[in-house]
Amino acid sequence: MELTITIPEIGEKQFEPGITPAEILRTIENKLLSLKSIAAEFNGKMIDLKTPLKEDGELIYHSFETEKGKEVYWHSAAHIMAEAVKELYPQVKVTIGPAIDEGFYYDFDKNEPFSEEELAAIETKMKELIKSKLPFERKELSHQEAIDFFKGLEEDYKIELINEMPDNEKISVYTHNKFSDLCRGPHIPYPAKIKAVKLLKSSGAYWRGDENNKMLYRIYGIAYPNKKELREYLTELEERKKRDHRRLGKELDLYSINDDIGPGLVLWHPKGALIRHLIESYWKEEHLNAGYDLINTPHIGKAELWKTSGHIDFYNESMFAPIEVEGNEYYLKPMNCPFHIAVYNSSKHSYRELPVRYAELGTVYRYERSGVLHGLMRVRGFTQDDAHIICTKEQLYEEVENLLIFSIRLLKHFGFEDLQLYLATKPEKCVGECEAWDAASESLETALKNQNMHYEIDEGGGAFYGPKIDIKIKDALSRSWQCTTIQFDFNLPDRFGMEYTGADNKSHRPYMVHRALLGSLERFFGTLIEYHGGDFPFWLTPVQVMLIPVSDATAHYAERVRSKLRKAGFRAEADLRSEKVGYKIREAELKKIPYMAIVGPREEEENTVSLRKRKEGDLGSFSFNETIYKLSRQ
RNA sequence: GCUCAUGUAGCUCAGUGGUAGAGCACCUCCUUGGUAAGGAGGAGGUCACCGGUUCAAGUCCGGUCAUGAGCUCCA
């Protein structure tokens with residue numbers, strides 16, 4: 001019986017059972033496919049090009065250009081890196097080494113961390129190993145054989161991994177040259193396919209990410225099928241560094257963090273504070289339009305409050321130590337929820353009033369471990385654009401859907417297009433009834449589906465008190481930061497005894513949705529800086545137009561134009577220093593000011609300005625009205 | 001918090017045991033110049049902090065603090 005294999009590029013074809021994807025490639029006339037393929041996917045399962053096919057099915061070839069292909073490629077590079085390390089340091093024990101979004105890493109149990117020189121030596125050894133042109137060989141062992149095999153090699157970590165696998169399952173081992181590694185596979189057929197490799201950095205990492213375990217040393221690397229792509233990637237890394245909000249924050253004088261004040265506490269400088277003001281104004285207006293009530297609450301509250309909320313029991317290690325006043329303990333608030341609930345509970349509510357939406361730009365303080373602080377992205381004092389929606393079960397879906405639409409609209413207004421959405425569902429340990437969880441999860445998922453948004457499900461990733469939707473934005477180093485979070489809370493309404501009177505004249509417990517759309521102003525600002533590389537959208541840019549007189553003789557004219565522009569609602573400054581035009585233009589360009597208006601005797605006489613757009617250059621002469629028109633269309 | 005690295009002028013950085021440096025920024029003066037750096041001069045540092053070794057420490061050693069890359073956690 002011949003097998004029927006469907007290949008997207010080729011169509012349906014018949015083959016002898018046991019034929020491999022590599023052999024099939026030799027029978028078909030598609031040189032490009034043959035040349036590029038590094039692994040295959042058969043009926044949805046990734047396999048080696050050398051894996052014999054035993055049933056009918058669909059065969060997809062993967063090259064470095066597909067996501068899955070890249071993963072295989074980088075995983076193979078990680079294997080070669082481990083081999084190089086074992087060649088250079090036979091006493092080192094290998095652990096795990098997966099492909100990641102950009103490249104791969106491998107964790108090693110070694111006494112000393114890897115130095116720069118060692119990294120270079122490992123890279124050189126990798127290149128040698130790649131040149132050898134030996135193939136990757138797959139072997140399948142029984143559970144016991146695998147344990148014996150790795151015991152012989154004294155690879156304790158591998159044994160630990162095998163012990164956790166079901167013992168009736170075959171265990172695959174890939175060997176290249178003298179180095180064998182426990183590995184599910186697949187691998188590229190020959191390491192020689194790796195044409196360019198670079199080890200980027202090394203750092204400590206706990207075995208299995210658990211700080212109770214031994215600290216291992218991790219090496220990160222990247223590999224490409226040609227040198228040009230590697231060069232491009234390295235250039236891209238340099239470009240990303242230039243967008244880093246910590247660098248731009250200094251260069252553009254937006255904010256600082258001062259040792260004398262404390263780590264993770266942000267000082268917003270005038271230009272940063274102006275942007276924050278614009279964000280806040282826009283945010284408040286939008287919230288009022290969307291039916292929210294703005295409230296304000298204090299920064300500290302009594303210990304009893306945080307006992308009731310459960311924060312002292314469950315969140316204590318993230319809270320600053322209490323302050324004692326008149327025999328009472330007060331805590332800096334790590335969240336705004338109890339205060340919002342107190343506002344709600346200050347009076348009785350009828351179902352007719354719901355939904356109630358309380359919004360606040362609420363500043364909270366959290367004790368974050370020193371090692372995790374990061375510029376504006378991870379701080380100890382930050383202002384959440386927080387709100388709590390208190391509603392009935394019937395109102396749930398509409399509220400959630402509106403929230404999602406609202407959130408995405410806000411983010412898009414700031415220029416964000418590339419968003420990652422996650423739906424986090426019920427974890428093992430949780431509070432609240434199943435029915436409530438189901439209703440809430442369903443409303444979240446339906447909202448996502450109805451918006452046609454691409455999202456991923458984070459199974460069991462919800463908080464213990466409710467499911468949630470998170471929206472993340474990537475920073476300049478490709479790390480994702482959570483901004484929007486829309487989460488249900490089945491815990492606090494119970495703890496604080498929230499109620500409303502229903503149409504049946506009975507008391508009911510409302511549903512509560514806790515949400516932050518920008519997340520925190522600090523983190524949001526950080527992502528905003530990086531996303532735009534400091535070139536903020538025109539409406540947010542601190543100085544929109546810089547007036548540049550050609551000489552002191554036209555300084556007065558420059559000031560007059562500046563005043564007129566300000567009256568017209570634009571943020572205009574004038575550079576009146578005794579410097580040459582070229583110098584002032586250069587400075588304005590570096591400060592990322594979008595428009596420059598150069599004025600000399602000619603402009604003064606004609607009552608015009610010579611407009612110049614950042615990065616583009618001279619736009620020509622414009623009358624005042626034309627200038628206003630041009631700017632207002634930004 | 002853990003591992004490693006780093007900490008010198010406002011910023012970016014040089015300085016490998018023997019009198020603290022550069023460029024930019026800043027101040028003063030000259031220059032009034034037409035689309036990305038005009039010229040001269042000046043001021044500015046307890047070399048993160050504390051301790052140790054040494055005749056002598058920015059430099060070597062230890063500790064503390066901070067920052068960075070990760071681990072973990074989260075807005």
Side-chain angles (χ1 to χ4, degrees), chain A residues 105 107 110 112-116 200-220 244 246-247 250-251 253 256-260 262-264 315 317-318 334-336 362 364 366-386 463 470-473 477 479-485 487 514-524 526-527 548-555 577-590 596-603 610-620:
Chain A
Y105 70 76
D107 287 344
K110 180 171 176 280
E112 299 287 320
F114 292 97
S115 67
E116 295 265 321
L200 297 167
K201 58 192 173 192
S202 93
S203 69
Y206 300 106
W207 168 235
R208 316 201 112 177
D210 185 336
E211 66 190 58
N212 298 314
N213 288 340
K214 186 167 183 188
M215 177 73 76
L216 308 171
Y217 293 108
R218 174 174 299 180
I219 303 176
Y220 286 89
D244 191 309
R246 290 164 301 181
R247 178 182 177 140
K250 245 180 227 165
E251 284 175 7
D253 196 16
S256 64
I257 292 169
N258 184 320
D259 280 6
D260 293 334
Y315 206 71
E317 59 183 36
S318 296
M335 295 184 192
N336 301 300
V364 298
R366 295 184 187 172
Y367 168 71
E368 297 285 352
R369 299 157 99 192
S370 58
V372 305
L373 298 173
H374 180 84
L376 290 173
M377 302 302 202
R378 206 47 196 286
V379 293
R380 285 183 175 161
F382 56 100
T383 301
Q384 290 182 306
D385 69 314
D386 211 352
D470 287 337
I471 303 181
K472 295 184 185 181
I473 298 175
L477 297 177
R479 294 173 296 205
S480 290
W481 295 96
Q482 182 186 313
C483 289
T484 302
T485 183
Q487 41 193 70
H514 168 122
R515 44 116 288 187
L517 302 187
L518 310 180
S520 79
L521 290 173
E522 284 74 8
R523 179 178 291 177
F524 185 73
T527 56
I548 300 178
V550 167
S551 74
D552 292 349
T554 41
R577 293 173 304 171
S578 294
E579 295 291 348
K580 289 193 166 180
V581 183
Y583 181 86
K584 296 183 192 176
I585 288 173
R586 179 182 150 81
E587 287 225 327
E589 290 273 347
L590 292 175
M596 284 148 263
I598 289 98
V599 292
R602 204 161 63 224
E603 284 77 12
S610 169
L611 270 187
R612 180 192 164 94
K613 193 167 185 186
R614 175 170 138 74
K615 286 182 182 167
E616 288 178 24
D618 196 357
L619 300 177

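In the text below, chain A, chain B and the rest are named by the order of the sequence lines, each starting its count at 1. As the structure is a computational prediction, the values presented were derived from the model and not from experiment. FYI, side chains are in, hydrogens and waters are out, and symmetry mates aren't considered; it's all heavy atoms of this structure.
Look at the C1' atom in both B:C74 and B:A37: the space between them is 45 Å, to the nearest Å.
B:C55 is paired with B:G18 under the Watson-Crick or G-U wobble criterion, all donor-acceptor distances under 3.5 Å. Under the Watson-Crick and G-U wobble criteria, each requiring two contacts below 3.5 Å, nucleotide B:G44 is left unpaired. In this structure, B:U6 and B:A66 make a Watson-Crick or G-U wobble pair, each of the two defining distances being under 3.5 angstrom. Nucleotide B:C71 forms a pair with B:G1, judged by Watson-Crick or G-U wobble geometry with both contacts under 3.5 Å.
The pair A:D210-A:R208 does not meet the salt-bridge criterion, since no charged nitrogen lies less than 4.0 angstrom from a carboxylate oxygen.
For B:G68, one of the phosphate oxygens OP1 or OP2 lies less than 4.0 angstrom from a side-chain nitrogen or oxygen of A:R246. Of the side-chain N and O atoms in A:K584, none sit less than 4.0 angstrom from OP1 or OP2 of B:U35. For B:U3, neither phosphate oxygen OP1 nor OP2 lies less than 4.0 angstrom from any side-chain nitrogen or oxygen of A:S203. OP1 or OP2 of B:C26 lies within a sub-4.0 Å distance of a side-chain N or O belonging to A:R577.
One donor-acceptor pair, N or O on each side, does fall under 3.5 Å between the base of B:C74 and the side chain of A:R523.
Comparing A:G264 and A:A205, the nucleotide of RNA chain B nearest to each residue sits closer to the 5' end for A:G264. Remark on RNA chain B: of its neighbouring residues A:I585 and A:R378, the 5'-side contact belongs to A:I585, judged by nearest-heavy-atom nucleotide.
Of all nucleotides listed (B:U67, B:U35, B:A37), B:A37 comes nearest to the side chain of A:R586.
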